[in-house]
Amino acid sequence: MSIYDTLNTEQREAVLHTDGPLLILAGAGSGKTRVLTHRIVYLIEEKGINPWNILAITFTNKAAGEMRERVDQLVGFGAESIWVSTFHSTCVRILRRYIDLIGYENNFTIYDSDDQKTLIKDVCKLCGIDTKVYKERSLISAISSAKNEMITPDEYEMNTAGDFAKMKIAKVYHEYEKQLRANNALDFDDLLLKTVQLFQTQPQVLDYYQERFRYIMVDEYQDTNTVQFKLVSLLAAKYQNLCVVGDDDQSIYKFRGANIRNILNFEKEFEHARVIKLEQNYRSTSTILDAANAVIRHNVGRKDKTLWTDNGEGDKIKLCQFDTGYDEAEFIVGDIREHVREGIASYNDHAILYRTNAQSRLFEEKFVAANVPYKIIGGVNFYARREIKDLLAYLKTIDNGQDDLAVRRIINVPKRGIGLTTINRVQESAQQRELGFYEALGGLDLIPGIGRGAAKLESFVALIEYFKGLVDSVSISDLMKEIIDKTGYVELLEAESNEEAQARIENIDELMSKIVAYEDGCEEEPPTLSGFLEEVALVADIDNLDETSDYVVLMTLHSAKGLEFPHVYLAGMEDGIFPSYMTIMADDPEEVEEERRLCYVGITRARENLTMTFARRRMIRGETQYNKMSRFLKEIPMNLLTSGQLIEDEKPEIPTQQAYRQAKASFRTKAFSAKPTQQFTVSKGASLSYDVGDRVRHMKFGDGMVTQITSGGRDYEVTVQFDQAGTKKMFASFAKLTKV
DNA sequence: GTGCCTGCTCACGGG
DNA sequence: GAGCAGGCAC
């Protein structure tokens, strides 16, 4: 009996098909990871392939680590020389070796989205672009999609077709690229794009990697974008041994460029590609699976497949409605506590999934109050915190003096009396002399008007040079200790002696232990500063999930991809939240389809129990919103559901005639009562051009009907039932509603 | 040059 | 509800 006997027919077929292109359409829970690991083992043990010749690309570092571990358990030796990593890590490794061939230095810096934003701001200032008209966010996303589609600034410029806005974007794109290059920095998209450009312009490098990676496997293929596809095609062009695994129904990253055509057209791109479908689900009960199938069936243009299972029917899916998000959180936390108390399950058997990170807050409150261990994945990234970014900027400055952003971040942190004026003078002088910012500090006497600032700048340079002198002789952790010591960073925080400063110090301690952990666990022979900074740049929040710790996990539906839990709660199942307001309002029906796929992902995370919850009203950014139950819930057949809380047919959200009268009456009594304080509001209210029952228009939410107007102190609180956006409560003076 | 206040904008997802 | 730019006083 061999390890391959445990696979089903299709799985075995996929494992044994080693040569030539192969597309595995693997439904949720169909054992694709098992197939991939067994395939690697088969290549090594049965086909005698050198592990060195195998490349496996996963979606997260965590998945990469797990895959290596599993292969390691199955093969005698050599697992460590298989190259298993994410697209981004793979590219960084290649670029660190060869990027000098396309005009960068090999110790380039990786810019995260914060750095990107800072740089774009600078660029806009430089190009005289008003960021009120052209939002940084949209500029970044325009540039990012261009890069994902491998459109260079020049090409972008040629395709503007006289479109004024596009010409502006082209200008920004040009300048942004110039600055990145000057800073010897790459953004996330560049990591992929530059690697493709490297391969396209340096045939000898491409040939080296084609020879090296004779067998290539790509997981989560449905979420690859155009440039990733190009990368894989280039690498696989010679030997054609490319195996991709994906599920078009789980494609949820269109917003960051994922191109679903990569999976739908695989057979066209790679002729003679073998296609194998894995449709048997080993994870969930049939009830859960039926619900998932029922939901996803509403999408058009998907590869036809139906998941089935011979797991039992299991429990029905619990559907619970609550008054507020607060009640929702309380119920879920209580439910989990009960499971644990009854010994049915442990904390880490439970996951709470939601659409947006902001939803985690209510849960956090309740978990703290209930003293239940929990872990929130995502939200504010550890490495995005100010103190961490500051200290890392020191490391970046020491590692790559060309990274102007890093230098400017720390030149006056902690405060050393170098103000904006001085910094701007240096900046100007640097530009004129075509030097980097830090370089320009070398010739202070050449900078006009620098005056008293010069001495301060000099001592800053001396400090950095001192650190640079340490790099080769001390470890990264010792270097960091020295930075903290010499700058007095922690000392200053200690002096503040408040809770916030204390939290920052704790974060710095955590950074120190992360550095030490890197040094201990580093695979590269001597741990390098660049190596550490790169690991920091490429970690995902989900990489920090530890399944062996006993805590309830909270995360977004996006983060949950690839995971599974016995008990899953899908919270906030409301139109406007999930599917999100933006996608409902979008003209493109594809947007709601992507949300539906996300729902499918969520449902299929559950092994035994699924609970879906929604609230009638909930506070969103300080505003009370009234949402209808999610359209996705209505797509689930009734016979699969049970109501944990009272559920009738959906409660009509539009108040009855009677309620109208009541609302109107209460408006009148309030408005015309004799209380002097309210007299004042009457005069205000008299200017309202609409009344209960009127149709009004809102700039963002569109048209709707006023259902209630109440006096809320200085202003009127108006409740409007919008045609598209649901019911919203807002202050009259802010809402700027017009009668239609 | 620094620190504080205010008002404004922005809130979907992430390597 | 939060973070940030810009204005202002010191």
Side-chain angles (χ1 to χ4, degrees), chain A residues 57-64 85-92 110-118 121 124-125 131-132 135-138 140-141 144 147-148 186-192 220 223-225 227-228 251-258 353-362 377-381 383-386 412-424 451-453 456 534-543 555-561 572 576-586 591 594-595 597-598 601-602 619-623 625 700 734:
Chain A
I57 292 178
T58 57
F59 203 67
T60 62
N61 297 303
K62 180 170 176 285
S85 69
T86 63
F87 268 108
H88 288 86
S89 307
T90 300
C91 290
V92 172
I110 302 166
Y111 277 1
D112 64 21
S113 21
D114 281 348
D115 302 327
Q116 225 180 351
K117 203 173 160 201
T118 314
K121 266 182 206 164
C124 286
K125 215 178 266 173
T131 50
K132 290 215 169 65
K135 298 256 182 303
E136 287 125 7
R137 205 183 137 88
S138 56
I140 289 171
S141 91
S144 174
K147 286 187 175 184
N148 286 330
L186 270 63
D187 65 22
F188 282 127
D189 303 313
D190 279 340
L191 297 178
L192 307 163
E220 305 288 3
D223 284 319
T224 53
N225 59 32
V227 60
Q228 288 168 334
S251 169
I252 54 173
Y253 281 101
K254 187 165 170 249
F255 75 94
R256 69 174 206 222
L353 310 181
Y354 37 75
R355 179 65 178 80
T356 66
N357 280 311
Q359 286 166 262
S360 64
R361 259 199 46 195
L362 284 180
I377 308 284
V380 186
N381 188 313
Y383 292 104
R385 292 168 208 269
R386 192 170 73 205
N412 197 30
V413 176
K415 303 237 174 324
R416 38 177 83 91
I418 302 173
L420 252 184
T421 343
T422 311
I423 292 173
N424 285 339
R452 278 187 300 139
K456 291 167 184 165
E534 142 194 336
E535 182 167 292
V536 162
L538 297 180
V539 286
D541 296 312
I542 196 72
D543 296 336
M555 67 188 126
T556 63
L557 288 151
H558 281 91
S559 298
K561 192 174 72 160
I577 303 237
F578 186 36
S580 80
Y581 165 71
M582 315 252 283
T583 55
I584 297 174
M585 299 300 280
E591 301 243 337
E594 175 139 323
E595 296 278 297
R597 290 194 291 271
L598 194 52
V601 168
M619 283 282 269
I620 304 239
R621 357 177 242 266
E623 252 177 16
Q625 265 190 26
K700 255 181 152 170
F734 294 115

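Letters A, B, ... are given to chains in the order of the sequence lines, protein chains preceding strands, and every chain is numbered from 1.
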In this structure, CG of A:Leu192 is separated from CG of A:Asn225 (nearest 0.5 Å) by 6.0 Å

Provide a list of protein-nucleic acid N or O atom pairs under 3.5 angstrom, restricted to nucleotides 3-6 of chain C.
unit_1 : atom_1 : unit_2   : atom_2 : d
C:dA5  : OP1    : A:Lys121 : NZ     : 2.8

- Task: Classify the angle between the aromatic ring planes of A:His558 and A:Phe255 as parallel (below 30°), tilted (30 to 60°) or perpendicular (above 60°).
- Result: perpendicular

A:Arg361 CZ to B:dA11 P, in whole Å, measures 18 Å

When rounded to the nearest 0.5 Å, the distance separating OG1 of A:Thr583 from CG of A:Leu598 is 9.5 Å

A quick test of your reading: do over 12 heavy atoms of other residues, nucleotides or ligands sit less than 6.0 Å from NZ of A:Lys254?
yes

**Within-4.5 Å side-chain heavy-atom neighbours: A:Leu353 and A:Met555** = yes

note: A:Glu136, atom CD; B:dA11, atom P; distance rounded to Å ~ 11 Å

Short heteroatom pairs, N/O only, protein and nucleotides 12-15 of chain B, under 3.5 Å:
unit_1 : atom_1 : unit_2   : atom_2 : d
B:dC12 : O2     : A:Arg355 : NH1    : 2.9
B:dC12 : O2     : A:Arg355 : NH2    : 2.0
B:dG13 : OP1    : A:Asn357 : N      : 2.6
B:dG13 : OP1    : A:Asn357 : ND2    : 3.1
B:dG13 : O4'    : A:Arg355 : NH1    : 3.3
B:dG14 : OP1    : A:Thr556 : OG1    : 3.1
B:dG14 : OP1    : A:Ser559 : OG     : 3.0
B:dG14 : OP2    : A:Asn357 : ND2    : 3.3
B:dG14 : O4'    : A:Arg256 : NH1    : 3.3
B:dG15 : O3'    : A:His88  : ND1    : 3.4
B:dG15 : N2     : A:Asp189 : OD1    : 3.0

Rounded to the nearest 0.5 Å, the CG atom of A:Asp115 sits from the OG1 atom of A:Thr118 at a distance of 6.0 Å

Checklist entry - Would you say the side-chain atoms of A:Asp189 pair up with the backbone N or O of A:Asn148, donor to acceptor, closer than 3.5 Å? => result no

5'-most contact on DNA chain B (nearest-nucleotide basis), A:Ile620 vs A:Thr422, goes to A:Thr422

Rounded to whole Å, the NZ-P distance (A:Lys456 to B:dG1) equals 7 Å

- Query: Do the side chains of A:Lys561 and A:Tyr253 get nearer than 4.5 Å, heavy atoms only?
  - Reply: yes

**Message:** For A:Glu594 and A:Arg597: C-alpha separation, side-chain torsions, deciding distance, then whether side-chain contact (heavy atoms from CB on, under 4.5 Å) applies.
**Reply:** CA-CA 5 Å; A:Glu594 175 139 323; A:Arg597 290 194 291 271; 3.1 Å; yes

Between the protein and nucleotides 2-8 of chain B, are there any N/O to N/O pairs under 3.5 Å, and if so, what are the atom names and distances?
unit_1 : atom_1 : unit_2   : atom_2 : d
B:dT2  : OP1    : A:Gly417 : N      : 3.4
B:dT2  : OP2    : A:Asn412 : ND2    : 3.2

Value for NE2 (A:His88) from CD1 (A:Ile110), rounded to nearest 0.5 Å, stands at 9.5 Å

